[in-house]
Participant: 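Can you keep this structure in mind? I'll have questions shortly.
Below, each value reflects all heavy atoms present in this structure, side chains not excepted, and no hydrogens, waters or symmetry copies. One is the number of the first residue; the rest follow in order along the sequence.
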Amino acid sequence: MPLEYIKVEVADHIATVVMDRPPVNAQNAQFRNEIMEVFDSFNDREDVRVAVLTGAGKIFCAGADIKERSGIIRAPGDYARHNRTAREYANCIRECAVPVIAAVNGAALGAGFGLVAACDIMLASDNAVFGMPEIDVGLAGGAAMLSHLVGKSRGRRILFTGDRISAQEMYRIGVIEWCGPREVLMDEALKLARTIASKSP
């Protein structure tokens, strides 16, 4: 499948994967399918030893495309199939044979936060925020994902309030590995990726 929303460059055994669906990198069905195609391919590529996932523009990923959601139920079973795909496409990152570094360059919300949680190592610019705003539009999800990152109380507060948490706070509580200026985020991510790529596959 030709890629429209996901850009991939491979150099020195490092795959740089950029989500590029303006204006906020919202996830629609094609976006999710492209993510699955890209990360599944890394399992069989000898030229990729590590991947860096980031977003184009000022937003990492604002989550699911809510406009698409209203049209997903056309026949019995459509909603269950949609939810299964939403889970599986995060699993393609979680289960990827190569380490995946999240370079979070801005807001990571809802399913965008889920993508971050699926990665092995997480770095973020100091302007980034994390949250699960689904509660504001009558939806819920992400509890299993949050349970891997934060404790029960904080996870449920994030889910039940829709509060956004700054990158600085995520660093303070040990969820992310690095927090610093946006202009050096990719330098830090690629430096780490080069170290990983230099190791035995």
Side-chain angles (χ1 to χ4, degrees), residues 1-10 14-45 48 50-75 77-120 122-125 128-134 136-142 144-146 149 162 164 185-186 189:
M1 163 194 352
L3 300 177
E4 181 178 355
Y5 301 131
I6 309 300
K7 315 299 184 197
V8 183
E9 290 185 10
V10 177
I14 300 167
T16 302
V17 181
V18 180
M19 299 175 287
D20 190 4
R21 186 170 184 251
V24 294
N25 299 321
Q27 305 166 15
N28 65 359
Q30 181 176 335
F31 181 108
R32 289 188 292 273
N33 287 333
E34 290 183 21
I35 284 277
M36 287 189 284
E37 180 175 329
V38 166
F39 282 93
D40 284 348
S41 76
F42 294 159
N43 295 317
D44 300 313
R45 290 184 62 165
V48 176
V50 61
V52 177
L53 176 65
T54 194
K58 297 180 179 179
I59 303 289
F60 177 79
C61 179
D65 188 337
I66 299 299
K67 293 176 186 172
E68 180 190 63
R69 193 173 187 93
S70 62
I72 63 172
I73 302 174
R74 296 187 184 91
D78 283 352
Y79 187 68
R81 278 187 290 277
H82 166 77
N83 286 341
R84 184 176 302 111
T85 301
R87 286 192 304 272
E88 283 306 310
Y89 107 103
N91 285 339
C92 78
I93 295 174
R94 186 176 294 109
E95 298 167 359
C96 189
V98 303
V100 182
I101 300 167
V104 185
N105 57 302
L109 304 174
F113 193 0
L115 287 181
V116 176
C119 294
D120 295 292
M122 299 164 276
L123 290 69
S125 56
V129 294
F130 301 82
M132 301 297 289
E134 288 90 337
D136 296 328
V137 292
L139 299 170
M145 171 269 294
L146 280 175
L149 295 180
R164 296 184 183 192
L185 171 65
M186 283 304 292

Participant: So which atom in Asp40 and which in Cys92 form the shortest heavy-atom distance, rounded to 0.1 Å?
Facilitator: OD1-CB, 3.6 Å
Participant: Cation over ring, Arg21 on Phe31, under 6.0 Å and within 45°?
Facilitator: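 That pair does not qualify as a cation-pi contact.
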Participant: Who pairs with Tyr89 by ring-ring contact (aromatic ring centres under 6.0 Å, His included), at least two apart in sequence or on another chain?
Facilitator: none
Participant: For Phe130 versus Val116, what's the shortest heavy-atom pair and its separation?
Facilitator: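 Of all heavy-atom pairs spanning Phe130 and Val116, the closest is CE2-CG1, 4.1 Å.
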Participant: Does the Thr54 side chain pair with the main chain of Met186, one donor and one acceptor, at a distance under 3.5 Å?
Facilitator: no
Participant: To check you understand the geometry: which heavy-atom pair defines the closest contact between Phe39 and Ala51, and what is its length?
Facilitator: CE2-CB, 4.2 Å
Participant: Return the CE to CZ distance between Met132 and Arg164, rounded to the nearest 0.5 Å.
Facilitator: 12.0 Å
Participant: Looking at every non-hydrogen atom in both residues, tell me the closest pair between Val52 and Ala103 and how far apart they are.
Facilitator: CG1-CB, 4.0 Å
Participant: Just wondering, more than 12 heavy atoms not from Arg94 lying within 6.0 Å of its CZ?
Facilitator: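 Yes, CZ of Arg94 has more than 12 neighbouring heavy atoms, counting only those of other groups under 6.0 Å.
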Participant: Report the C-alpha separation of Cys96 and Asn43 in whole Å, then their side-chain angles, then the decisive distance to 0.1 Å, and conclude whether the side chain to side chain contact (heavy atoms under 4.5 Å, CB included) test is met.
Facilitator: CA-CA 6 Å; Cys96 189; Asn43 295 317; 4.0 Å; yes
Participant: Given side chain to side chain contact (heavy atoms under 4.5 Å, CB included), test Leu185 with Leu123 step by step and report yes or no.
Facilitator: CA-CA 8 Å; Leu185 171 65; Leu123 290 69; 4.0 Å; yes
Participant: Could you grab the distance from atom CE of Met122 to atom CG of Leu53, nearest 0.5 Å is fine?
Facilitator: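 Spacing of CE (Met122) from CG (Leu53) equals 12.0 Å.
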Participant: Using every non-hydrogen atom in the two residues, find where Ala15 and Val10 come nearest and quote the distance to one decimal.
Facilitator: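 Ala15 and Val10 have their closest heavy atoms at CB-CG2, 4.0 Å.
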Participant: Working to the nearest 0.5 angstrom, can you tell me the gap between Leu109 CG and Phe60 CZ?
Facilitator: 11.0 Å
Participant: Has the side chain of Asn105 got a donor or acceptor atom that lies under 3.5 Å from a matching backbone atom of Gly57?
Facilitator: yes
Participant: Quick one, Ile6 with Val17, criterion side chain to side chain contact (heavy atoms under 4.5 Å, CB included). Give me CA distance, side-chain angles, the key distance, then yes/no.
Facilitator: CA-CA 7 Å; Ile6 309 300; Val17 181; 3.5 Å; yes
Participant: Judged by atom type as modelled, is there a donor-acceptor pair below 3.5 Å linking the side chain of Asn28 to the main-chain atoms of Ala64?
Facilitator: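 Side chain of Asn28 to backbone of Ala64, a donor-acceptor pair under 3.5 Å: no, none is there.
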Participant: Taking Tyr5's backbone N and O only, do any of them form a donor-acceptor pair with Glu34's side chain (distance below 3.5 Å, no angle check)?
Facilitator: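 Here the side-chain-to-backbone pair exists.
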Participant: Of all the heavy-atom pairs spanning Asp20 and Ala56, show the shortest one and how long it is.
Facilitator: OD1-CB, 3.5 Å
Participant: With a sphere of 6.0 Å drawn around NZ of Lys58, does it hold more than 12 non-hydrogen atoms of other residues, nucleotides or ligands?
Facilitator: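 No, not enclosed.
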Participant: Is there a side chain to side chain contact (heavy atoms under 4.5 Å, CB included) between Phe42 and Val50 once you walk through the steps?
Facilitator: CA-CA 9 Å; Phe42 294 159; Val50 61; over 6 Å; no
Participant: Got a donor-acceptor contact below 3.5 angstrom from the Asp65 side chain to the Gln27 backbone?
Facilitator: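 The answer is no, because no donor-acceptor pair under 3.5 Å joins these two groups.
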